[in-house]
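Since the structure comes first, as structure tokens, the remarks are kept for the end.
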Amino acid sequence: MEHFGNRLRTARKDRGLTLEQLAAACSTSETVLRNYEKARKSPNVEMLVRICEALKVSPDYLLQDELSFNPYKDKTELFAAIGNLSSTSLNLLQEFLRSLQNGDDV
């Protein structure tokens, strides 16, 4: 669960939290969280939920590298492709997405 630990540490730092602050939010100790971040131990489901709530991330975000199915892989590729669109193509894509949301025939 090395990737989980790296994602946990990154998410914690991205939110500007210290180990002490996250531990307090999760009702646990810094040592427990440090063990997760260093991939020495894995959280149980209850702790995973507490961590996700404190960091405002989903479990699949933290676990995505541990799963054979990666829900973010396709999205990452899609976002990269969207980023390469011209402004004209981007406008067409936005119109298309709006029509899908409205249930219009495309």
Side-chain angles (χ1 to χ4, degrees):
M1 298 269 293
E2 182 178 336
H3 297 290
F4 170 82
N6 291 336
R7 284 198 182 276
L8 174 58
R9 182 175 31 261
T10 299
R12 176 178 60 77
K13 288 183 176 185
D14 286 351
R15 280 139 189 88
L17 296 173
T18 64
L19 271 174
E20 181 180 11
Q21 291 168 323
L22 182 57
C26 295
S27 302
T28 192
S29 69
E30 292 176 57
T31 303
V32 168
L33 293 177
R34 190 174 295 110
N35 283 333
Y36 298 155
E37 287 188 359
K38 294 187 181 273
R40 293 181 190 138
K41 295 192 176 191
S42 299
N44 62 26
V45 173
E46 180 184 339
M47 181 58 70
L48 179 62
V49 169
R50 283 193 259 163
I51 290 169
C52 290
E53 287 178 346
L55 295 175
K56 296 181 177 33
V57 297
S58 64
D60 60 323
Y61 170 76
L62 291 176
L63 296 169
Q64 66 182 285
D65 297 313
E66 314 305 328
L67 304 171
S68 58
F69 167 72
N70 183 340
Y72 291 97
K73 182 179 179 197
D74 292 336
K75 290 178 185 177
T76 302
E77 292 169 3
L78 179 61
F79 291 145
I82 290 171
N84 292 326
L85 292 176
S86 68
S87 60
T88 302
S89 295
L90 190 56
N91 287 334
L92 286 170
L93 178 60
Q94 287 174 327
E95 288 178 36
F96 175 73
L97 292 173
R98 277 191 212 104
S99 70
L100 288 176
Q101 289 174 334
N102 295 331
D104 299 342
D105 288 333
V106 181

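Side-chain atoms are counted along with the backbone in the values below, which use heavy atoms only and exclude waters and symmetry mates.
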Fill in the blank from the handout: Heavy-atom nearest pair, Leu90 first then Ile82, reads CD1-CG2, 3.8 Å
Handout entry: From Leu8 atom CG to Leu22 atom CG, the distance as rounded to the nearest 0.5 Å
Key = 6.5 Å
Exercise for the section: Any chance you could measure Gln64, atom CD, to Arg7, atom CZ, to the nearest 0.5 Å? Expected result: 3.5 Å
Completion exercise
One should read off an interatomic distance between Thr88 OG1 and Leu93 CG, to the nearest 0.5 angstrom, of 12.5 Å
Handout entry: Approximate separation, where rounding is to 0.5 Å, of Ser87 OG and Leu92 CG
Key = 10.0 Å
Fill in the blank from the handout: So the salt bridge (charged side-chain N to carboxylate O under 4.0 Å, His left out) pairs with at least one residue in residues 80-90 (sequence neighbours excluded) are none
Handout entry: Residue pairs involving residues 11-27 (criterion salt bridge (charged side-chain N to carboxylate O under 4.0 Å, His left out); sequence neighbours excluded)
Key = Arg12-Glu37
Completion exercise
OG1 (Thr31) and CG (Leu19) are apart, to the nearest 0.5 Å, by 9.0 Å
Handout entry: Any residue meeting side-chain hydrogen bond (donor to acceptor under 3.5 Å, both in side chains) with Ser29, in chain and number order, not counting sequence neighbours
Key = none
Practice task
Please name all residues satisfying side chain to side chain contact (heavy atoms under 4.5 Å, CB included) with Glu95, sequence neighbours left out, ordered by chain then number.
Solution key: Arg98
Exercise for the section: Not counting sequence neighbours, which residues clear side-chain hydrogen bond (donor to acceptor under 3.5 Å, both in side chains) with Thr18? List them please. Expected result: Gln21
Problem - N/O donor-acceptor pair under 3.5 Å between Ser89 side chain and Leu85 backbone - result: no
Exercise for the section: Name all residues meeting the side chain to side chain contact (heavy atoms under 4.5 Å, CB included) criterion together with Arg40; count only those two or more places apart in sequence or in a different chain, and write none if there are none. Expected result: Asn35, Lys38
Donor-acceptor list for residues 44-54 side chains, cut-off 3.5 Å, not counting sequence neighbours:
from: Asn44; atom 1: OD1; to: Glu46; atom 2: N; distance (Å): 3.2
from: Asn44; atom 1: OD1; to: Met47; atom 2: N; distance (Å): 2.7
from: Glu46; atom 1: OE2; to: Arg50; atom 2: NH2; distance (Å): 3.2
from: Arg50; atom 1: NH1; to: Cys26; atom 2: O; distance (Å): 2.6
from: Arg50; atom 1: NH1; to: Ser27; atom 2: O; distance (Å): 3.3

Handout entry: Contacts of type side-chain hydrogen bond (donor to acceptor under 3.5 Å, both in side chains), residue Glu30, not counting sequence neighbours
Key = none
Fill in the blank from the handout: Rounded to the nearest 0.5 angstrom, the CZ-CZ distance for Phe4 and Arg9 is 11.0 Å
Exercise for the section: For Ser42 and Tyr36, work out which heavy atoms get closest and say how close. Expected result: C-CE2, 3.6 Å
